[in-house]
Amino acid sequence: MRINHMSSIAVAAFAAFAAFVSACGGGGDGNTSLGGGSTPVLTSITISAPSMSVAASGTLQLTVSPKDQFGKSISANISWSSSAPTLAFVNSSDLVIGIVAGTATMTAQSGTMSASTTITVTGGGTFPASAIVTIPALSFAPAQTDIAMTGTVSFQFPAEAHNVIFTSGNGAPADIQVTTNVNVSQQFNTRGAFEYVCTLHPGMQGTVVVH
């Protein structure tokens, strides 16, 4: 009889403990009401710039700010586009390059979120019909080459092997494959900004701007 009495006490104590745990939210859902299950997601993108204009052949650094639903900065993969890439071009470093006078809308997009800003390109000027790009060490010099439309750029290759692979701009000339100790000239017949890289040496990049 004593054993049965103690068992009854143990059962009653366990039942009371279970009721207490249930009342305190011990089922594992307690963090939800505190926002513990909320995951930051991209809800807005804003663009800022020190100016809304850039000179032809000049550059303008944009700043893009993606934010989450809490208004805090969030990492996002941003892709850029220009409504008029023959007037102004924007690259993956958020840098606008002015080409000829006019206006163009720059749009930053990530998934379904986007933001736009209109940039005015001022001035015109005269640009050379030819230019030279040298390859000292592991770089292209100059990093930006400005020429007139239908102009030519001569790439001067050293003894070390390099190539010139165009990565942006419709109307870019043919790529220059692995080359050493020779000068190769390319004609640019389309207005725009043409980025290129040396795929043999990561970080080597340049731009030809055709006005």
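- The six-membered or imidazole ring of His162 lies away from that of Phe157, with a centre-to-centre distance of 6.0 Å or more.
- Nearest approach of Ala159 to Thr180, heavy atoms of both residues: O-CG2, 3.4 Å.
- The hydrophobic cluster containing Val90 does not contain Ile99, counting ILVMFWY residues as joined when their side-chain heavy atoms lie under 4.5 angstrom apart, directly or transitively.
- Side chain of Thr134 to main chain of Pro136: no donor-acceptor pair is present (N/O by atom type, distance under 3.5 Å, no hydrogens or angles).
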Yes or no on side-chain contact (heavy atoms from CB on, under 4.5 Å) for Thr117 and Thr105, after CA distance, side-chain angles and deciding distance? CA-CA 6 Å; Thr117 187; Thr105 299; over 6 Å; no
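- At least one donor-acceptor pair closer than 3.5 Å links the side chain of Thr43 to the backbone N or O of Asp68.
- Judged purely by distance below 3.5 Å, without hydrogens or angles, the side chains of Asp146 and Gln144 pair a donor atom with an acceptor atom.
- The cluster map of Ile, Leu, Val, Met, Phe, Trp and Tyr, joined by side-chain heavy atoms under 4.5 Å apart, puts Met52 and Val100 in different clusters.
- Rounding to the nearest 0.5 Å places CZ of Phe89 at 11.0 Å from OG of Ser81.
- Distance alone, capped at 3.5 Å, is enough to place a donor-acceptor pair between the Gln61 side chain and the Asp94 backbone.
- Proximity of a side-chain donor or acceptor of Ser168 to a complementary backbone N or O of Glu195 within less than 3.5 Å is detected.
- The two residues Ser38 and Phe70 have their closest heavy-atom pair at CB-CZ, 4.0 Å.
- Note: the hydrophobic cluster containing Val164 also contains Val153 (ILVMFWY, side chain heavy atoms under 4.5 Å, direct or indirect links).
- Gln69 approaches Thr39 most closely through the heavy-atom pair NE2-O, 3.0 Å.
- Using a distance-only test at 3.5 Å, with no hydrogens or angles considered, no donor-acceptor pair links the side chain of Ser116 to the main chain of Thr107.
- With contacts defined as side-chain heavy-atom distances shorter than 4.5 Å, the pair Val210/Val208 qualifies.
- Annotation: side chain of Gln186 is in contact with side chain of Ile176 (closest heavy-atom distance under 4.5 Å).
- Using modelled atom types, one finds no donor on one side chain facing an acceptor on the other under 3.5 Å when comparing Asn163 with Thr179.
- No donor-acceptor distance shorter than 3.5 angstrom exists from the side chain of Gln156 to the backbone of Ile132, with no hydrogens or angles considered.
- Met106 has its side chain within reach of Val96: a pair of non-hydrogen atoms, C-beta onward, lies under 4.5 Å apart.
- Here Tyr196 and Phe166 bring their ring centres to under 6.0 angstrom of each other.
- For the atom pair OG (Ser139) and NE2 (His201), the distance works out to 11.5 Å, reported to the nearest 0.5 Å.
- In this structure, the separation between CD1 on Ile119 and CG on Leu62 is 5.5 Å, given to the nearest 0.5 Å.
- At least one side-chain heavy atom of Leu138 sits less than 4.5 Å from a side-chain heavy atom of Glu160.
- The closest side-chain heavy-atom distance from Ser92 to Trp80 is not below 4.5 Å.
- The OG atom of Ser110 sits 9.0 Å away from the CD1 atom of Ile74 when rounded to the nearest 0.5 Å.
- Environment of CG in Asn181: crowded, with over 12 heavy atoms of neighbouring residues, nucleotides or ligands closer than 6.0 Å.
- Within the model, atoms CD1 of Ile147 and CZ of Arg191 stand 11.5 Å from one another, a figure rounded to the nearest 0.5 Å.
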I would like to know whether Leu200 and Val178 meet side-chain contact (heavy atoms from CB on, under 4.5 Å); could you show each step before the answer? CA-CA 8 Å; Leu200 303 181; Val178 177; 3.9 Å; yes
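- The two atoms that bring Ala148 and Phe127 nearest to each other are CB-O, 3.6 Å, heavy atoms only.
- Here the closest heavy-atom approach between residue Pro50 and residue Leu60 is recorded as CG-CD1, 3.8 Å.
- Just one residue in the list Ile135, Val197, Thr199 forms a side-chain contact (heavy atoms from CB on, under 4.5 Å) with Met204, and that residue is Ile135.
- Side-chain heavy atoms closer than 4.5 Å link hydrophobic residues (I, L, V, M, F, W, Y) into clusters, and following such links, even through other members, never connects Phe194 to Leu87.
- Other residues, nucleotides and ligands contribute more than 12 heavy atoms inside 6.0 Å of the CG atom of Asn189.
- Counting heavy atoms from C-beta outward, Pro128 and Ser130 have side chains that stay 4.5 Å or more apart.
- No side-chain donor-acceptor contact under 3.5 Å links Gln109 and Ser114.
- Between the side chain of Ser82 and the backbone N or O of Ala88 there is at least one donor-acceptor pair closer than 3.5 Å.
- Asn91 contributes a side-chain N or O that, together with a main-chain N or O of Ser93, makes up a donor-acceptor pair within less than 3.5 Å.
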Begin from the C-alpha positions of Ser44 and Met113 and carry the test side-chain contact (heavy atoms from CB on, under 4.5 Å) through to its verdict. CA-CA 6 Å; Ser44 69; Met113 296 294 151; 5.8 Å; no
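- Going from atom CE of Met149 over to atom OG1 of Thr86 covers 9.5 Å, rounded to the nearest 0.5 Å.
- When all heavy atoms of Val64 and Ala108 are compared, the closest pair comes out as CG2-CB, 4.1 Å.
- Using a 4.5 Å cut-off on side-chain heavy atoms (C-beta onward), Thr63 and Ser65 make contact.
- Taking the six-membered ring for Trp and thresholds of 30 and 60 degrees, Phe140 and Phe155 have ring planes more than 60 degrees apart, a perpendicular arrangement.
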